[in-house]
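Hydrogens, waters and symmetry mates are skipped; everything else that's a heavy atom, side chains included, is used.
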Amino acid sequence: MSSDGVPYGWYGFDDDDDFECMEEESPASPHEVLERYWGYTAFRPMQEEIVRSVLDGHDTIGLLPTGGGKSITFQVPALMLPGVTIVVTPLISLMKDQIDNLRRRGLHASCLHSGMTKTESDYALERCMQGRSKLLYVAPERAAGDNFLRRIANWDISLIVIDEAHCISQWGYDFRPSYLRLTALREAFPKAPVLALTASATPEVVDDIAVRLEMKAPQRFSLSFTRKNISFLVRHTEDKFGKLLEVLRGTEGPAIIYTRSRKRAAELAPVLSAEGFPALFYHAALETHEKYERQDEWNSGKVRIMVATTAFGMGIDKPDVRLVVHYDPPTSLEEYYQEAGRAGRDGLPSLAVLLVSGRDKATLARRLANAFPEKDFVRHTYDEICRFLSLPMGEGFGAIFDFDPAKMCVRYKMPPEQVMSAISILQRAGYFEFSEAVDIEARLMIKFTRSELYNIEFTEDEETLINYLLRNFTGLFIDLVPVNLSYIARDTGLKEDDIYEQLKIWRHEGMIAFIPRRSTPFIYFTANRVPGERLLIPRSAYEDRREAMERQVRAMTDFMFDDDNCRVAGMLRYFGEADAGDCGTCDVCRGRRRKVVEFDAAAFDERLEEFFELIAPCEWLDVTSLRPHYPRHYDKVVERIRLKVEEGMLTADGYRVAKVKGC
C-alpha cells in the first residue's frame with residue numbers, strides 16, 4: 001500500500017478490459033513501428049537518422065524546426081528498446097498532449113511533475129515498474145531530485161531524452177536552472193544514450209547543450225530552418241486592425257492570430273466575427289472545457305480564426321493552417337519562428353504575416369526593460385511571495401503551494417508585469433519553480449472488481465453515473481482514466497456538483513481512486529527561505545540573461561525593420577545557416593521582383609519602333625495585338641501610346657494607331 005492507502009497490486013487485467021500489452025513481440029524495425037502505431041509508411045526528413053543513431057547507442061542532438069516531428073524520434077525507439085525511456089520536458093501541457101496522443105494510438109505513457117500528488121506520482125512510477133508504460137515524462141525539477149533518482153535506481157533505463165534542450169543553455173531564449181541539474185540523471189545511468197532535442201537554437205546554444213549534458217561525441221542532426229512553403233511577410237502600418245482585415249480578405253483557410261495579451265485576444269475575436277470573419281479567442285485563463293470546446297470548433301472548421309496568446313501552441317498540430325498573423329511582435333526570432341511555423345504543416349503554400357507599427361521598436365525596448373527590474377525589487381518580490389504563502393524563515397525546501405501571482409499583486413499593490421519578471425529571475429536563480437495554470441483533468445479508477453460491482457446497491461442517480469462511466473471510459477479497472485465532469489453532467493442530466501460529491505464519497509469508501517481536476521498555478525520551492533537582503537542573484541540569472549535578451553531583441557528588430565534584405569535569409573543566418581540565399585517569397589524579395597519587372601517606358605519605345613518596322617508605312621498597328629507581349633503591363637502600354645498620340649507622334653483610330661511622320 002502507498003501512504004495514501006492505494007493498493008500497489010491493482011494493475012492486473014480484468015476479463016473485459018481492453019488493453020494492448022506492451023510486452024508483446026517488438027516490431028523488427030523502426031519502419032514497422034512507425035506504420036503499426038502511426039500509420040505512416042515513411043519518416044520525415046532527418047527523423048530516421050536520429051532514430052537509428054539512438055538505437056545504435058549514440059548520444060545525439062536533433063535540431064528539428066517546428067512541425068518537424070520531434071516526438072517521433074524518441075517515441076519510436078522507446079517502443080523498440082527493452083527498458084523505460086525518460087523524457088524530460090518543462091511543459092506540463094506538452095506532457096499531457098503527448099500522453100493523450102499516445103493513448104489514442106493504443107499506447108500508454110506516464111508523467112511526473114511537481115503539481116502531482118504523492119498518490120499520482122506513485123501510480124506513474126508503478127506503471128513503469130510493471131512494464132505498462134514505456135515512456136515516463138518528467139519535469140526537470142523532478143528528474144534530478146534525489147528522491148526520484150532513488151526510486152528509479154534499479155530500473156532498466158534505455159534512453160534519456162531532453163526535450164526543449166535549449167533550456168539548459170544560458171544563451172538560449174528560455175534558460176531554466178533546473179536543466180543544469182540534469183547531469184545527475186546522466187551520471188545515474190551512464191550507459192543510457194542521451195537524445196537532446198530542440199526546435200530553434202543558434203550554433204552557440206547547440207554547442208552549449210553538448211557541453212552541459214556531458215555528451216560523449218554526440219551525433220548531430222539538423223534540418224534546415226527553411227520552410228519553403230511559407231511566405232514570411234512584414235506589413236508596416238499604423239492601422240493594424242485595418243491591415244488585418246485586408247490580409248484576411250485576401251486569404252482563405254484556417255488562421256491563427258497571435259497577440260501578446262489576454263485582453264487583446266478577447267477584444268479582437270468578437271470584432272472580427274462582426275466583420276464577417278468567424279473567430280474565437282484562447283488564453284490560459286479560460287476554463288478547461290472552454291479550451292477544449294474552442295479548440296474543437298477551430299479544428300473542425302466551424303470557425304476559421306483563433307485569436308490567441310502563446311498559450312495556444314503546444315499540441316496544436318492542425319496541418320492545414322494557411323495563415324499565421326502576429327498582431328504584436330514576439331521578443332525573439334526563436335519565438336517567432338516557432339509560432340509562425342504552425343502554418344502549412346501539410347506542405348502547402350501558407351502565409352506568416354507580422355504587423356509592424358512605428359511604435360513596435362519602442363515596445364520591444366520597453367519589454368526588455370520590464371523583463372529585468374532592479375535587483376532590490378526582485379528581492380522584495382521574493383519576500384512578498386514568502387509572506388503571501390506564510391512560509392517561515394529557514395523552511396520550504398520541497399514544499400508545493402497553490403500560488404496565484406495576480407492575487408498577491410492585488411493584495412500587496414504590486415505591478416503585475418514586473419512581478420512576473422522577478423519570478424522568472426528567481427526561478428533562474430534556483431530558489432523555486434513556478435508553473436502557471438495548467439489544466440490537469442480529473443482522473444478516475446474503479447478499485448472493486450466487476451463481480452463485486454453486481455453486489456452493490458445503488459440509488460437511481462448512482463446507477464446512472466456508474467453505468468455512464470462503464471459505457472464511456474475503457475480501462476477504468478486498471479488505470480487512472482481522465483474524465484470530464486462537465487461532459488458527464490451534460491450527457492446524464494445530473495448536476496456537476498452532485499457528481500463531484502458522489503465521487504468523493506466513493507473515494508472515501510475505497511470503491512474508487514479519484515483525483516479532482518486542478519488548474520491552479522503552483523510554486524515548488526527548491527531551497528529553504530532566506531531573508532530577502534541575503535538573496536543572491538547570480539550573474540547567470542540576471543546580467544548574462546539580459547545580454548542574451550538584448551541580442552534577441554536586436555535580431556527581432558532587424559527582422560522587422562530591415563526592408564532592404566531578404567527577411568528569411570537574415571533569420572536563417574541567425575540560426576547558423578551562413579550560406580542562406582534569398583528566399584524569393586518574403587515581402588522584401590517580392591518587392592525586388594516587382595522592381596525588376598517594372599514597366600520600362602524607354603525599352604517599350606524602342607520595341608514599338610520594331611513593331612512599326614514590321615508593317616508598311618502609314619499602315620495601322622492594332623494596339624490589342626501588343627497584349628501577349630506585355631501581359632502584366634498592358635494598361636501601361638495603353639497609357640504610353642495615348643501619351644504619344646497626345647504629343648502628336650502617333651495618330652489613333654479607336655484601338656488602331658499609326659505613325660504621323662511619313663504618312
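A donor-acceptor pair is defined here as one N or O able to donate and one able to accept, closer than 3.5 Å; no such pair exists between the side chain of K447 and the backbone of M511. In this structure, R428 contributes its side chain and A541 its backbone to a donor-acceptor pair below 3.5 Å. No donor-acceptor pair closer than 3.5 Å links the side chain of K134 to the backbone N or O of A109.
To the nearest 0.5 Å, atoms NZ (K291) and NE2 (H283) are separated by 9.0 Å. With rounding to the nearest 0.5 Å, the separation of OG1 in T183 from CD1 in I168 is 7.5 Å. With values rounded to the nearest 0.5 angstrom, M420 atom CE is found 10.5 Å from T381 atom OG1.
Ion pairing of E335 with R260 is present here, as a side-chain N (NZ or NE/NH1/NH2) and a carboxylate O approach within less than 4.0 Å. A salt bridge links D122 and R151; the closest N-O separation between the charged side-chain nitrogens and carboxylate oxygens is under 4.0 Å. Ion pair E164/K70 flagged as a salt bridge, since at least one NZ, NE, NH1 or NH2 atom sits closer than 4.0 Å to an Asp/Glu carboxylate oxygen.
Heavy atoms only, all atoms of each residue included: V530 and M393 are closest at C-SD, 3.5 Å. Residues S133 and S110 approach most closely at OG-OG, 2.8 Å, considering heavy atoms. Residues L391 and R529 share a closest heavy-atom pair of O-NH1, 2.6 Å. Of all non-hydrogen atoms in P373 and S421, the two that sit nearest each other are CD-CB, 3.8 Å. Across R304 and W298, no two heavy atoms sit closer than the pair O-NE1, 3.2 Å.
Atom CG of D296 has more than 12 neighbouring heavy atoms from other residues, nucleotides or ligands inside a 6.0 Å radius. No more than 12 heavy atoms of other residues, nucleotides or ligands sit less than 6.0 Å from atom CZ of F397.
A cation-pi contact, defined as under 6.0 Å to the ring centre and within 45° of the axis, links R387 to Y412. Cation-pi geometry between R294 and F281 is satisfied (NZ or CZ under 6.0 Å from the ring centre, within 45° of the ring normal).
Here the two rings, on H380 and Y382, have centers that are 6.0 Å apart or farther. Taking the six-membered ring for Trp and the full ring otherwise, F403 and F522 have centroids separated by 6.0 Å or more.
Donor-acceptor pairing under 3.5 Å is lacking for the side chains of S71 and Q98. Side-chain contact check for E417 and N370: at least one donor-acceptor pair (N or O, by modelled atom type) lies under 3.5 Å. In the model, D491 has a side-chain atom that pairs as donor or acceptor with a side-chain atom of Y468 under 3.5 Å.
Residue P516 is tested with R443, K504, R507 for a side chain to side chain contact (heavy atoms under 4.5 Å, CB included); the sole match is R507.
By the side-chain contact (heavy atoms from CB on, under 4.5 Å) test, K302 is found to be paired with E297, S300, residues two or more places apart in sequence or in another chain being considered.
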